[in-house]
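When a ligand or atom number is given, it counts from 1 through the structure's own listing order. Keep in mind that what you see is a predicted model, and the values were worked out from it rather than measured.
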Amino acid sequence: MIINRRVQTLDEFTIQQMRDFPHATGELSGLLRDIGLASKRVNVEVNKAGLVDILGDAGSINVQGEEVKKLDIYANNQFVGVLRHGISCAGIGSEELDDILVFDDEISNNSKYVCLFDPLDGSANIDVNVSIGTIFSVFRRITPVGTPVTIEDFLQKGINQVAAGYVIYGSSTILVYATRRGVNGFTLDPSIGEFTLSHPDIKCPPSGKIYSVNHGNFFQYEDNIRKYINVCQQKSVEEGGPYTQRYIGSMVSDVHRNLIKGGIFMYPAIKSKPGGKLRLLYECNPFAFIVEVAGGKATDGKQRILEIQPTAVHERTPFFVGSKLMMEELETYINAAPAEA
Ligand code: P6P
């Protein structure tokens, strides 16, 4: 029996999405294809990171005669390079860059979009072979097309995102991106070097049995957060439990698993990080957009992440994201009156 399993590549999918919108210019499709290309280049280096580290230790030059760079700088350079030379992006903000990078040339100034990146989140995990990832956020510029973009193009509320996504460099390499039309996942097929549609129309289960939090910070969390964590540890079968605790320390992996299986991820404020650890613009906003499109919720403990008005590219926020019903239960604890002193 011949199985004709029609695979759809990322390029074919984005072009199909464009065909569904006759007035689409193709710029967003082109942008997503550019991000896919840069991700494939990053994937190659991440997959041999151990080797690069060994070779890199022999000096600052690797076997290809190239300067050995830290992988997150390398990843940043791949996304900057592809987007600067594309036709869809007028500038980027990145965890690896102090300020926004304005691609001030005629073609870029006429591009409609700006991007924000965490080029390689969790890179501290790479030397112990834990999955890491790229996170990206796409906005339509609000300053006049034809002029260089400015900081206000980047400091938009997350609700204005046109698209957002992430790449996990793990047991397989998967690119997931969301537009308002839905969330779709593409797994890299090394045999053809293409991302192919593997997770169509991802929906976040309304509830789940997984809670993700760093228990090492438990006694630094606010009392009501600790109460909710204790509830997670004691869920009976009748209450939808028992829950399991899963925390990889690599956000893309933790949130991706919860998106697919159902669950809740929490990075609350702690005494040493009163504003939280995670970055609003290129970590929390993208995941909040993706999870909300998939049917879940994302807050800073008080308001929707997507409603926060950013004031700086690298600002941080407490972050709670995941299945709708689990988030609503968390909110009942967060909003409960503080325990009597
Ligand atoms: P902690 C990785 O450094 C990261 O930014 C996220 O990917 C991850 O969820 C978080 O920090 C882990 O932080 O403080 O629990 O080690």
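Ranking the protein heavy atoms by distance from atom 15 (O) of ligand 1 puts Y247 OH, 2.5 Å first. Looking only at heavy atoms of the protein, atom 14 (O) of ligand 1 is closest to Y267 OH, 2.6 Å.
Nearest to atom 3 (O) of ligand 1 by heavy-atom distance, out of R279, M251, K277, is K277. Within the set S212, G249, S250, the minimum heavy-atom distance to atom 2 (C) of ligand 1 is found for G249.
Across every non-hydrogen atom of S212 and N258, the tightest pair is OG-ND2, 3.2 Å. Of all the heavy atoms in A90 and R141, the pair that sits closest is CB-NH1, 4.1 Å.
Close contacts of ligand 1 with F265, meaning ligand atoms under 4.0 Å from a residue heavy atom, involve 9 (O).
The distance from the CD1 atom of I159 to the CD atom of Q309 is 12.5 Å, given to the nearest 0.5 Å.
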ask   = Can E45 and R41 be said to form a salt bridge (charged side-chain N to carboxylate O under 4.0 Å, His left out), step by step?
value = CA-CA 7 Å; E45 293 307 309; R41 290 176 175 164; over 6 Å; no

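By the ring pair (Phe, Tyr, Trp, His ring centres under 6.0 Å) test, Y211 pairs with H215, sequence neighbours left out.
For the pair D121 and ligand 1, a heavy-atom separation below 4.0 Å is found.
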